[in-house]
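Hydrogens, waters and symmetry mates play no part in the numbers below; they use all other heavy atoms, side chains included. Ligands are counted one by one from 1 in listed order, and the atoms in each one are counted from 1 as well. Here the structure is a predicted model, which means the values were calculated and not measured.
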Amino acid sequence: MANKNSYSADQITVLEGLEPVRKRPGMYIGGTGVEGLHHLVWEIVDNGVDEALAGFATEVSVKMLADGGITVTDNGRGIPTDIHPKTGKSTVETVLTVLHAGGKFGDGGYKVSGGLHGVGVSVVNALSRKLHITVWRDGKQWEQDYAFGASLGDLKSTGKTTKLGTEITFYADDTIFLESTQFNYDTILDRLRHAAYLTKGIRTSLENEQTGERYSFYFEGGIQSYVKHLNVGKDVVDDDIFYVDKTIKNTQVEISLQYTDAYTESIKTFANNVLNPDGGTHLTGFRSALTRVVNDYARKSGLLKEKEENLTGEDCREGLTAIILVKLPDPQFEGQTKNKLGNPEVRGYVETVLGEYLAYYMEEHPAIARKMIGKALLSARARKAARAARDNIIRKGVLEGASMPGKLADCSSKDPHNSEIYLVEGDSAGGSAKSGRDSKTQAILPLRGKVLNVERARLDKMLGNNEIVSLIKALGVGIQDSFDVRGLRYGRIILMTDADVDGSHINTLLMTFFFRYMKEVVDGGHLYLAKPPLFELVKAGRKSSVFIYDESELDVALDKAIAKRVADGSKINVEDDRLKQAGFVEQKRYKGLGEMDAEQLFETTMNPEKRVLIQVKIDDAERADAIFNKLMGTEVELRKSFIQANAKFVKDLDI
Ligand code: 0RA
């Protein structure tokens with residue numbers, strides 16, 4: 001047994017330590033897809049951020065190496081190099097080879113990693129085919145190599161230094177990450193931007209060795225800068241941004257907020273720099289303090305009359321952008337997805353901090369305070385009007401009634417898994433779609449003209465719009481309080497508009513509507529964009545045609561067709577233009593759906609066997625929010641520049 005190629009006893013224990021990770025990686029990093037892959041980067045970055053939170057590091061940088069590796073460097077304390085009493089190995093090796101041996105015990109700091117989300121750098125090591133670590137500590141540089149989680153030798157001192165910090169280079173194991181081991185620059189950049197917003201005084205940077213791209217973030221204002229960033233492109237009530245940072249007991253509460261003229265609220269909550277999408281006790285505390293302070297001020301100032309009822313929480317939050325960040329030693333999470341902060345004491349802390357400092361802020365800034373109250377009063381009035389309008393519509397049975405809108409050509413299938421609805425721009429294309437469709441599974445709803453801009457309209461106005469009402473009714477899901485995605489009558493909702501600027505605009509308006517009012521429909525993967533052809537290449541004798549869906553495909557298609565004719569031995573006249581050489585007699589450019597007859601429309605755009613559909617995804621609600629604000633908001637210049645920059649969006653459209 002004991003030959004020189006076998007592992008020594010303690011190496012075996014170490015290997016066993018990481019075996020569960022290689023066996024069931026999903027348990028540790030959520031999955032082995034692209035998201036899980038990026039988890040490896042977050043794990044190490046978070047450790048560096050922890051060093052910054054504890055007051056030891058000021059910089060965390062990531063480099064995407066040309067050979068596929070990732071290097072993460074921080075200037076924290078450096079992982080201790082001394083022998084760990086429990087393992088008899090260096091602490092570096094212990095941290096890298098023993099599960100959950102994060103090792104930062106009792107330093108009194110807050111941790112991003114080591115808590116619920118941090119699974120430890122050993123997981124990264126376990127899932128890397130190669131890993132190299134360099135530590136600068138105690139005047140020395142130390143280095144060690146690993147493969148598949150096992151050390152290839154002891155930690156060795158390789159030089160002298162005055163530096164402090166840790167640098168880890170790893171190569172994701174492609175036998176684990178079968179889908180891809182390719183990292184995404186924008187994904188990493190996004191994470192580093194957030195880390196910089198949430199950790200005051202930290203600089204984060206990213207370099208892509210292959211493309212030469214590099215970026216660095218430092219936000220003096222922390223979450224105040226974050227609010228500013230979220231509100232780019234929106235009209236703000238005042239340029240000033242509220243900010244407070246107070247510690248109660250051992251919990252640090254940081255809040256920043258600013259009102260905009262939007263009708264929606266955008267509040268993000270974090271515990272120890274981890275986003276809590278479902279809120280939790282910090283959000284509850286925030287809401288109750290906000291409602292109380294705004295009402296108190298409104299009463300005291302006489303803006304809210306004695307006989308008027310209190311402003312609701314919703315009224316007080318209309319147009320609000322806020323970041324709530326708490327840092328606490330022992331965060332507890334609730335709910336199935338653990339997306340909700342549960343520590344009960346946090347509610348009171350946040351309520352106290354905001355209650356005191358927002359009241360003070362409003363006293364100090366009476367002009368801003370009046371604008372805030374004015375907004376909330378408007379919202380209250382609009383809310384009452386909207387409720388009346390909706391009640392009226394519901395009373396008339398317009399939204400839920402058994403009868404379908406007159407313009408809907410429904411399909412005969414009543415099974416949502418087996419039916420889809422096309423929302424078609426214009427009555428004439430709608431007519432073609434109706435006669436060309438497969439009436440068993442395909443329903444058609446023509447929408448006339450520009451659908452209402454829901455971003456800038458409240459619900460009462462929206463419900464006054466026939467197109468929107470027909471749409472809600474046809475889908476069968478209701479709206480707002482009555483919304484229920486289980487009522488959805490079609491598995492696929494397909495937006496079919498002309499391939500021009502107006503068509504893109506209508507798509508955007510409709511996507512905005514779904515994003516704002518039927519997000520679950522989008523989340524459920526039900527929303528699609530149809531892709532009509534841009535060109536038709538007509539064959540001699542008009543026997544058959546080739547349809548082209550992308551500008552860039554045109555040349556490729558001609559090349560292919562010419563090559564095929566050459567291979568077939570057809571005579572080719574080099575004097576002819578490329579179209580003729582390819583055996584075509586005409587190149588037709590389609591400007592709109594209306595130029596196709598019913599059969600053509602079906603064959604090119606609706607036939608499930610051949611059509612191209614683009615699934616609308618919301619990868620990142622924040623990015624979507626920003627884009628919608630750019631597109632739908634009042635800032636014409638921003639909107640123009642975005643449309644120009646993205647005019648040719650095609651394949652995977654992330655809204
Ligand atoms: C164990 C203990 C200490 C720090 C670290 C680990 C540590 C880990 C990583 C991972 C990436 N960068 C890191 N920086 C530090 C505490 C050190 C001390 O008490 O001096």
Side-chain angles (χ1 to χ4, degrees), residues 14 17-18 21 28-29 38-63 69-115 117-128 130-146 149 151 155 157 161-172 188 191-192 195-196 199 201-206 272-274 329:
V14 168
L18 292 180
V21 183
Y28 299 87
I29 53 166
H38 285 79
H39 216 104
L40 304 182
V41 184
W42 313 156
E43 194 49 53
I44 304 182
V45 166
D46 285 355
N47 271 277
V49 172
D50 278 352
E51 286 294 290
L53 284 175
F56 298 105
T58 56
E59 267 193 78
V60 177
S61 54
V62 179
K63 192 167 177 180
I70 292 275
T71 299
V72 182
T73 314
D74 69 66
N75 63 352
R77 288 167 287 185
I79 304 179
T81 54
D82 48 355
I83 299 298
H84 195 278
K86 285 215 179 103
T87 59
K89 300 261 175 193
S90 70
T91 304
V92 169
E93 185 162 343
T94 308
V95 165
L96 281 169
T97 54
V98 180
L99 258 179
H100 300 300
K104 287 186 259 181
F105 334 91
D107 57 12
Y110 311 112
K111 289 173 194 60
V112 177
S113 59
H117 293 259
V119 284
V121 277
S122 62
V123 168
V124 180
N125 193 23
L127 302 176
S128 296
K130 202 163 91 176
L131 183 145
H132 181 81
I133 183 161
T134 309
V135 168
W136 302 284
R137 197 178 156 106
D138 302 326
K140 286 184 186 155
Q141 170 168 298
W142 304 81
E143 292 182 76
Q144 194 175 18
D145 283 292
Y146 293 83
S151 67
L155 179 72
S157 170
T161 185
T162 53
K163 278 209 299 193
L164 288 176
T166 305
E167 180 170 279
I168 294 174
T169 298
F170 69 90
Y171 295 81
I188 300 176
R191 180 83 176 203
L192 294 176
T199 317
I202 198 181
R203 177 182 299 279
T204 58
S205 43
L206 178 61
N272 294 5
N273 288 24
V274 176

If hydrogens are left out, which of Asn47, Thr166, Thr94, Ile79 has an atom nearest to atom 7 (C) of ligand 1, that is, the closest non-hydrogen atom? Ile79
Do Arg191 and Asp46 meet the salt-bridge criterion of a basic N to acidic O distance under 4.0 Å? yes
I need the atoms of ligand 1 closer than 4.0 Å to a non-hydrogen atom of Arg137, numbered in the order shown. 17 (C), 18 (C), 20 (O)
Heavy-atom distance under 4.5 Å between the side chains of Val92 and Trp142, does that happen here? no
For Asp74, the atoms of ligand 1 under 4.0 Å from one of its heavy atoms are 11 (C), 12 (N), 13 (C)
Could you check whether any heavy atom of Pro80 sits closer than 4.0 Å to an atom of ligand 1, since that is the contact criterion I want to use? yes
Is the shortest side-chain heavy-atom distance between Thr73 and Trp136 below 4.5 Å? yes
Within the 4.0 Å heavy-atom cut-off, what His84 brings close to ligand 1 is neither
Can you tell me if Asn75 and Thr58 form a side-chain donor-acceptor pair at under 3.5 Å? yes
Is the shortest heavy-atom distance from the side chain of Ile70 to the side chain of Ile188 under 4.5 Å? yes
